[in-house]
Amino acid sequence: MTGLLGPAEIRELAARLGVTPTKKLGQNFVHDPNTVRRIVTTAGLTPDDVALEVGPGLGSLTLALLPVAAHVHAVELDPALAAALPDTAARFAGAAAERLTVHPADALRVTAADLADPAPTALVANLPYNVAVPVVLHLLAELPTLRHGLVMVQKEVADRLVAGPGSKVYGIPSVKLAWYARSRAAGKVPPNVFWPVPNVDSGLVAFTRREPPRPDVPRRAVFAVVDAAFAQRRKTLRAALAGWAGGADRAAAALTAAGVDPGARGESLTVEQFAAIAASAPDAPGAEQ
């Protein structure tokens with residue numbers, strides 16, 4: 001593996017660039033080489049994989065990805081960090097730096113066309129805490145070539161992403177990720193490997209793309225049901241879905257047609273059941289999209 005960034009290198013790079021981590025951008029830079037090695041190993045990249053990294057920052061994880069991936073797309077919102085990353089790669093990664101493409105962009109706005117050459121197959125990233133879930137869901141929707149991934153997020157967010165029906169933290173992120181992929185918790189990361197040190201643990205989430213559970217039902221129609229069900233989490237689905245269906249009786253009819261108890265709550269349903277509800281009410285909001 002190429003040279004990696006430790007605490008001294010991180011501080012030197014930041015000082016040279018005049019960079020101070022900001023909460024606004026959710027910046028916490030990893031300064032522990034063992035942590036980035038662990039992330040890359042756990043991600044299970046093959047030599048053919050094209051890695052997509054979001055929020056590379058000063059380049060800690062980027063340098064660990066370059067030797068093992070066919071190519072690395074790094075999407076960085078901070079223009080100073082984006083401009084500096086190629087030089088850091090050249091300094092520490094040698095010839096492998098040629099595999100890097102830096103995109104000065106907002107990950108929530110990137111499209112498949114932006115990342116087409118070559119198309120990413122794996123998402124491997126230390127995601128900014130404040131946008132982790134929207135970024136993962138946007139990229140899975142936008143990039144059908146993404147086959148698998150490993151992301152580091154706030155531990156609380158990691159727990160929500162991998163939660164199953166019946167869990168207290170099962171909710172919108174859990175169901176929407178399950179639409180795209182199978183996921184699992186892949187370990188915990190302590191705060192002391194970051195600069196600045198966050199006041200929470202981080203968690204690793206691994207996922208593998210799968211076919212949608214109901215390809216015949218539009219994703220947006222399913223997600224409209226999910227959003228409605230969890231907007232009023234403590235209510236029964238008959239009540240929670242009344243606005244979505246156009247009335248409590250219509251909601252109950254759609255639920256019954258889908259084989260779901262109208263007295264159940266959203267936290268008890270699988271993604272397949274949410275899809276069945278969406279399919280049972282084709283005239284509900286989002287169904288035609």
* Are the side chain of R209 and the backbone of Y180 linked by a donor-acceptor contact shorter than 3.5 Å? -> no
* To do: Indicate yes or no: at least one non-hydrogen side-chain atom of F92 is less than 4.5 angstrom from one of L66.
  => no
* Would you name the heavy atoms of L61 and E53 that are closest together and state the gap between them? => CB-OE2, 3.4 Å
* Structure fact -> In terms of heavy-atom contacts, V50 and H73 come closest through CG1-CD2, 3.7 Å
* Pair D114 + R109: basic N to acidic O under 4.0 Å -> no
* Would you say the side-chain atoms of N28 pair up with the backbone N or O of P196, donor to acceptor, closer than 3.5 Å? -> yes
* Structure fact -> Minimal heavy-atom distance between L161 and S183, with the atoms involved, is O-OG, 3.7 Å
* Cluster check I172, L127: I/L/V/M/F/W/Y, side chain < 4.5 angstrom -> yes
* Give a yes or no on whether the backbone of A74 and the side-chain of H103 come within a donor-acceptor separation of less than 3.5 Å. => no
* Taking T145 for its side chain and P120 for its backbone only, find out whether a donor-acceptor pair lies under 3.5 Å. => yes
* Which atom of A185 lies closest to which atom of V162, heavy atoms considered -> N-CG1, 3.8 Å
* With the threshold set at 4.0 Å, does a side-chain nitrogen-carboxylate oxygen contact exist between D227 and R220? -> no
* R214 to A275 - nearest heavy-atom pair and separation -> CG-CB, 3.6 Å
* **Short side-chain to backbone donor-acceptor contact, Y170 and G266, under 3.5 Å** => no
* Short side-chain to backbone donor-acceptor contact, S280 and A257, under 3.5 Å -> no
* Asked: Is the shortest side-chain N to carboxylate O distance from E272 to R210 below 4.0 Å?
  -> yes
* Could you tell me whether D87 and R91 make a salt bridge, using a distance below 4.0 angstrom between a side-chain N and a carboxylate O? => no
* Asked: Which heavy atom of T88 sits nearest a heavy atom of L58, and at what distance?
  -> CG2-O, 3.7 Å
* Side chains of D49 and R147 in contact at under 4.5 Å (non-hydrogen atoms) -> yes
